Protein chains: 2
Amino acid sequence: MRSDNATIYDIASDAGVSIATVSRVLRGETNVSAVTRKKVQDAIARHNYRPSSIARGLMSKSTHSLGIVLPKLLNPHYAMIFTGAYEEARKMGYSMSLFPWSSIDTRAYDPATMLVERRLDGVIVCVEYLSPDHDEQVLASLQELKHFMPVVLIGCVPPWYDFPAVTNNNAAMVREIVAYLVSLGHEKIAFIGGVQEDKDPLRRDVGYEEGLRDARLPYTASYRVYGKGTAEAGEKALGDMLDSLKPEYWPTAVIALNDLVAMGCQAAARKRGLSMPKQLSIIGCDDLFCAPYLYPPLTSINTRQQATGARAVQLLISGEDKRETVEWELVERASCAKTK
Amino acid sequence: MRSDNATIYDIASDAGVSIATVSRVLRGETNVSAVTRKKVQDAIARHNYRPSSIARGLMSKSTHSLGIVLPKLLNPHYAMIFTGAYEEARKMGYSMSLFPWSSIDTRAYDPATMLVERRLDGVIVCVEYLSPDHDEQVLASLQELKHFMPVVLIGCVPPWYDFPAVTNNNAAMVREIVAYLVSLGHEKIAFIGGVQEDKDPLRRDVGYEEGLRDARLPYTASYRVYGKGTAEAGEKALGDMLDSLKPEYWPTAVIALNDLVAMGCQAAARKRGLSMPKQLSIIGCDDLFCAPYLYPPLTSINTRQQATGARAVQLLISGEDKRETVEWELVERASCAKTK
DNA sequence: TCAATCGATGTTAGCGCTTACATTATAATC
DNA sequence: GATTATAATGTAAGCGCTAACATCGATTGA
């Protein structure tokens, strides 16, 4: 009953048939007589035999495995995307390997190499805007990768990236957030964003400006800050803003790039004695698992990350070359309140 | 400059050498003349050639890829273990695939199958105690898996699991936590634990009882509850405890199985108007990224999960059949305070 | 009764590499 | 200059499968 690392030849000779017949029952072909099938299955069980997907892949040109590249798994946002993608892949009979972005990004190791050498059937890449330099470099890597295998993108993908993608319309989303805060009576609304860039019309920054315009609210430079998207960065960003402004100019609401940043903002506000949500409303984005447990429980945007991951896998496998936008949902909790 | 899916034969004929020579430069062998090496490298660059790890693996019997099986990535605890393991594997020249536990656990799919068919060079399994039934089933699966490839375990591994492992001595850890709380003056200390079980002497429950005994504190059944280890479960567990006890019997400190449970406990306490840490101290375990941003910032135990993952990879690759225990560190924040 | 048909099984040539071994070119030894 | 050691390169046999094709009875129809 234990494994002896049998090959298809061992099974064939043990069952008294040819390897082709063993291969047939392995792949579930129907043109094998019941009695032969039984003999083969018994031999397989006796040897605890498992066909090698390596040998299989060599011949069939398909590994039935996909890859997903993402910045870092420690950010639950990406863990959710991965989980959605993984489950979907599994349902479709594919396995899925994970490649943290850092490893694709180091120049010491050509980006495509690890993916290509493993002959994956396709790859999903979660893109993240870091800097203009970096952007061009990433785009070039992606183009190259596309020569080898189908690629589907996830995230805030600029329109000029010519790839199938599952994206968020971040601009529209933040625009809606501004409208929501305005409806609560806020007029001094700050925005703690990500890396500064000017090209992509879907980015969150754009939505912030549009939202203010919609509400005929002035744009105030000191209410807008760029950052790295981490909790530490959020804490520093809002802290600096508050410290540099007289209290009467303090914003009454802040829109955080994501929940991590929002967490940092809560810490900064608390450290300065602001009571929340009374004196300061904060809204995050991504609706991480910890959002309901923060204090005050964080109002956030659920961006359906698992569905996003799953849909990307579907596009990858079906080969549809299209770009889809996923819906989002405002999840109201206690961190945003009416002014006065 | 673009990929044409070249094989080693294409490179060989393009460079005017034999495939053996190409293979030699590919693998960095030294006994190739400089001029030949150059010719081959040029041909490789011209075709954008990447050797197939599939074909390579078939011959060399090693895929240079490892697997890691864990319950769920959405829990940042496991994301950290994965990250540590992944980075270490990469350093050692291995790739690493992730297998969420659920997929190895379903009977529809034989646990070993996916790992074995892919001919991984080894696998790390994060074990989690779920129930006596489940425990036996898991152990059986692991034994079987061990016939096919080296296995290293991570987590709270009972001593009778005969596997190399990187473990926490949870009993000692919780014992220290109790001592810490006692040193702050606490006498009514609750414990929101995981699934009930009796066999493993390293489990956290044991440490709780030992800690109380060390401090000559009585053991009170109503202060101890079992649960699922999620935030929701934690909220319900502490909520029920508080609701069923007269306020004068309320614990002044609670030890949560992990930070998720601790988050839930904070919510339950807050909902009942307890001020923290004044009226209730809470200590978690795992020191998740959000611990500093909870309110009050959560005192927790850093269990060095990344180091754990990395060490497991080292054991796996070196083949050392030993069991190691990792150190932990108490990270004091504001959620635990002196009584009075 | 014989050819045509068909279901069940076997034979064999790869898939793209690695590696043991054979071969040749070059240098070193007497 | 013949012999031998040494470095550089080539040849060919697999690794464990898949799949196209071949084979071989057993039916079937005329």
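In what follows, chains are A, B, ... by sequence order, proteins preceding strands, each numbered from 1. Only a predicted model underlies this, so the values are computations on that prediction, with no experimental measurement involved. Heavy atoms only: backbone and side chains are in, while hydrogens, waters and symmetry mates are out.
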### Rounded distance in Å - CZ (Arg24(B)) to P (dT18(C))
11 Å
### Query
Between atom CG in Leu58(A) and atom P in dG16(D), what is the gap in whole Å?
12 Å
If you check every side-chain atom of [X], which of [options] has the closest atom?
X: Asn31(B); options: dG16(D), dA8(D), dC17(C); result: dA8(D)
X: Ser33(B); options: dT9(D), dG16(C), dG14(C); result: dT9(D)
X: Val32(B); options: dC17(C), dT9(D), dG14(C); result: dT9(D)
X: Ser18(A); options: dT11(D), dC17(D), dT9(C); result: dT9(C)

Under 4.0 angstrom between [X] side-chain N/O and [N] OP1 or OP2:
X: Lys61(B); N: dG16(D); value: yes
X: Thr7(A); N: dG16(D); value: no
X: Ser23(A); N: dT18(D); value: yes
X: Tyr49(B); N: dC17(C); value: yes

### Task
May I ask you to decide whether Arg304(B) forms a salt bridge with Glu327(B), counting only side-chain N to carboxylate O separations under 4.0 Å?
no
### Message
Check this for me: does any side-chain nitrogen of one of Glu87(A) and Lys72(B) sit under 4.0 Å from a carboxylate oxygen of the other?
### Response
no
Does [X] reach a base, just sugar-phosphate, or nothing at all? Heavy atoms under 4.0 Å.
X: Ser60(B); answer: nothing
X: Ser53(B); answer: nothing
X: Arg27(A); answer: sugar-phosphate

### Query
Start at the 5' end of DNA chain C and walk down; is the nucleotide closest to Arg37(A) or to Ile19(A) reached first?
Arg37(A)
### Task
State the CD1-CD distance between Ile81(B) and Gln306(B), to the nearest 0.5 angstrom.
10.0 Å
